[in-house]
Amino acid sequence: MLKKIFGGLDITWKKLAAAAVAAGIYTGIMAALPMAKDTSFADISITFEWWILFGILIIVNSKSPLDSALKCFAFFLISQPLVYLVQVPFNAYGWQIFRYYPTWFVWTLLTLPMGYIGHYMKKEKWWSLLILVPMLAFLGFHYGSFLSETRSFFPRHLLSTLFCGAAMLIYPLGIFRDRKIRRAGLTAGLVLLLAFTALSFARGKRTYSTDVLLSGGSLEAEFDDTYTASLEDASFGQVSVEYEKDLDCYKVHADFEKLGETRLILESPEGERQYFDLNVGRDTYTIDRSAGGESGE
């Protein structure tokens, strides 16, 4: 199976164009779909792991370095604009969303030399592995980032974490036929995998830090530093009342460790409580007064 995928595919120009269109449309849909936000399904619109796979498949199934370079370039030249075009009707920026495309166009241009050089992995020389290792390291960087997200906000990005980890081990086995080079590549992939795993754990879990409430703001919350703040579900993280000097008011600061719905509780020294419904996303939140008002009933 690996031999067929990594070297036995007949990627004609028509098949390449069709695959590029499909990849672009799918990525654009995932980027625009609200339910896919902050999940592995939307990662393809932000990070490189899937595009690395597409590039490698084109490279190892090409007939020459020039064929590899031109097909990689064409694939990205077709797919990337489609990603933004699909989002135009659904994005608040409309056509202005294409302002994000120049960065991807630079990567598209870089596929020409990368595709050309990458083809030499098929030569089965010791230096062929040196061409693959930077790709494995780049993939390892993605793996470490996704692992940190998964550990912090499980099961967010779990599929992306597993995909990157598996790819780092599969690519050397699929690309090379020489046993010594395969073993060396597998060892390199495993070492990088362990290194980025250790780095992720060394950095600890991630949190989403933000200010969620101001005294006297639009929600008419009244509190000062004599009040205590807490979350109904303590597993969501920590909240505290702090003074905001620039605005000359008090605020509730939060360090979230979990995503979903809970309630923020403000309690006065006399025991009176104010309740607020919180919906926490990865980098955003919504907050409203609970229907029960100050009693929370």
Side-chain angles (χ1 to χ4, degrees), residues 2-28 30-31 43-87 97-143 145 160 163-164 167-168 170-177 181 185 188-189 192:
L2 285 179
K3 289 183 179 180
K4 176 66 176 179
I5 296 174
F6 292 92
L9 300 178
D10 180 22
I11 302 180
T12 64
W13 283 99
K14 288 184 178 180
K15 291 178 180 178
L16 180 84
V21 170
I25 291 175
Y26 173 80
T27 304
M30 290 299 103
D43 287 336
I44 190 174
S45 66
I46 304 169
T47 47
F48 290 85
E49 66 281 355
W50 279 99
W51 303 102
I52 292 173
L53 171 62
F54 298 150
I56 287 178
L57 291 180
I58 293 171
I59 288 170
V60 297
N61 288 288
S62 297
K63 297 178 176 61
S64 68
L66 182 60
D67 184 51
S68 174
L70 293 177
K71 283 182 176 176
C72 283
F73 177 72
F75 181 86
F76 281 81
L77 189 64
I78 295 170
S79 62
Q80 294 309 308
L82 276 175
V83 173
Y84 297 99
L85 183 62
V86 169
Q87 296 180 68
I97 194 174
F98 274 91
R99 65 183 178 175
Y100 297 110
Y101 176 62
T103 300
W104 278 101
F105 183 66
V106 172
W107 280 104
T108 299
L109 292 176
L110 290 174
T111 60
L112 285 167
M114 288 191 295
Y116 193 95
I117 296 172
H119 186 79
Y120 285 93
M121 289 189 296
K122 299 176 67 175
K123 295 296 183 180
E124 298 286 336
K125 304 294 184 180
W126 66 267
W127 43 261
S128 299
L129 184 58
L130 297 182
I131 298 175
L132 178 63
V133 167
M135 300 184 202
L136 296 180
F138 192 33
L139 195 58
F141 172 80
H142 285 65
Y143 163 80
S145 179
S160 291
F163 173 82
C164 290
M168 292 172 69
I170 291 175
Y171 289 161
L173 299 178
I175 294 172
F176 302 120
R177 303 291 179 265
I181 298 178
L192 287 168

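Residue numbers start at 1 and run along the sequence shown.
Remark: Leu112 CG to Ile117 CD1 distance equals 11.0 Å, nearest 0.5 Å. Interatomic distance, Leu70 CG to Thr111 OG1, rounded to the nearest 0.5 Å: 9.5 Å. Taking CD1 of Ile170 as the reference point, atom CD1 of Ile5 lies at 9.0 Å (rounded to 0.5 Å). Atoms CD1 and OH, from Ile56 and Tyr171 in turn, are 5.0 Å apart once rounded to the nearest 0.5 Å. Here the CD1-CG distance, from Ile181 to Leu173, works out to 12.5 Å after rounding to the nearest 0.5 Å.
Within the 4.5 Å cutoff, the side chain of Trp107 has heavy atoms near those of the Thr103 side chain. The closest side-chain heavy-atom distance from Met121 to Met135 is below 4.5 Å. Put simply, the side chain of Phe98 reaches to within 4.5 Å of the side chain of Leu85, judged on heavy atoms. Side-chain atoms of Pro65 and Tyr120, non-hydrogen and from C-beta on, do get closer than 4.5 Å to each other. Within the 4.5 Å cutoff, side-chain heavy atoms of Lys15 are placed close to those of Thr12. Annotation: side chain of Ser79 is not in contact with side chain of Val21 (no heavy-atom distance under 4.5 Å). Between Phe176 and Val60, every side-chain heavy-atom pair lies at or beyond the 4.5 Å cut-off.
The list of salt bridge (Lys or Arg N to Asp or Glu O under 4.0 Å) pairs with a residue in residues 99-124, not counting sequence neighbours, is empty. For the salt bridge (Lys or Arg N to Asp or Glu O under 4.0 Å) condition, the pairs that include at least one residue of residues 58-82, sequence neighbours left out, are Asp67-Lys71. Screening residues 56-78 for ring pair (Phe, Tyr, Trp, His ring centres under 6.0 Å), with sequence neighbours left out, gives Trp51-Phe76, Phe54-Phe75.
Contact between Gly55 and Cys72 at its shortest, heavy atoms only, is O-SG, 4.0 Å. Taking every heavy atom of both residues into account, Leu82 and Ala20 meet most closely at CD1-O, 4.4 Å. Contact between Leu136 and Pro172 at its shortest, heavy atoms only, is CD1-CG, 4.1 Å. Nearest heavy-atom pair across Pro81 and Ile78 is CD-O, 3.6 Å. Minimum interatomic distance between Val133 and Leu192 (heavy atoms only, all atoms of both residues): O-CD1, 4.3 Å.
Residues that satisfy the side-chain hydrogen bond (donor to acceptor under 3.5 Å, both in side chains) test with Glu49, not counting sequence neighbours, are Thr47. For Asn61, there are no side-chain hydrogen bond (donor to acceptor under 3.5 Å, both in side chains) partners, not counting sequence neighbours. When the ring pair (Phe, Tyr, Trp, His ring centres under 6.0 Å) test is applied to Phe138, the partners found at least two apart in sequence or on another chain are Phe48, His142.
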Worked verdict on Trp104 versus Tyr84 for ring-ring contact (aromatic ring centres under 6.0 Å, His included): CA-CA 11 Å; Trp104 278 101; Tyr84 297 99; 7.8 Å; no

List the steps, then state whether side-chain contact (heavy atoms from CB on, under 4.5 Å) holds for Tyr100 with Ile97. CA-CA 6 Å; Tyr100 297 110; Ile97 194 174; 4.1 Å; yes

As a quick check of understanding, evaluate side-chain contact (heavy atoms from CB on, under 4.5 Å) for Trp50 and Thr27, giving each step before the final call. CA-CA 10 Å; Trp50 279 99; Thr27 304; over 6 Å; no

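In this structure a side-chain-to-backbone donor-acceptor pair under 3.5 Å is present from Ser68 to Gly115.
The neighbour count for Trp126 CH2, taken as heavy atoms of other residues, nucleotides or ligands under 6.0 Å away, does not exceed 12. Other residues, nucleotides and ligands contribute over 12 non-hydrogen atoms within 6.0 Å of the OH atom of Tyr101.
Under the side chain to side chain contact (heavy atoms under 4.5 Å, CB included) test applied with Cys164, the options Ile52, Leu139, Asp43 reduce to a single match, Leu139.
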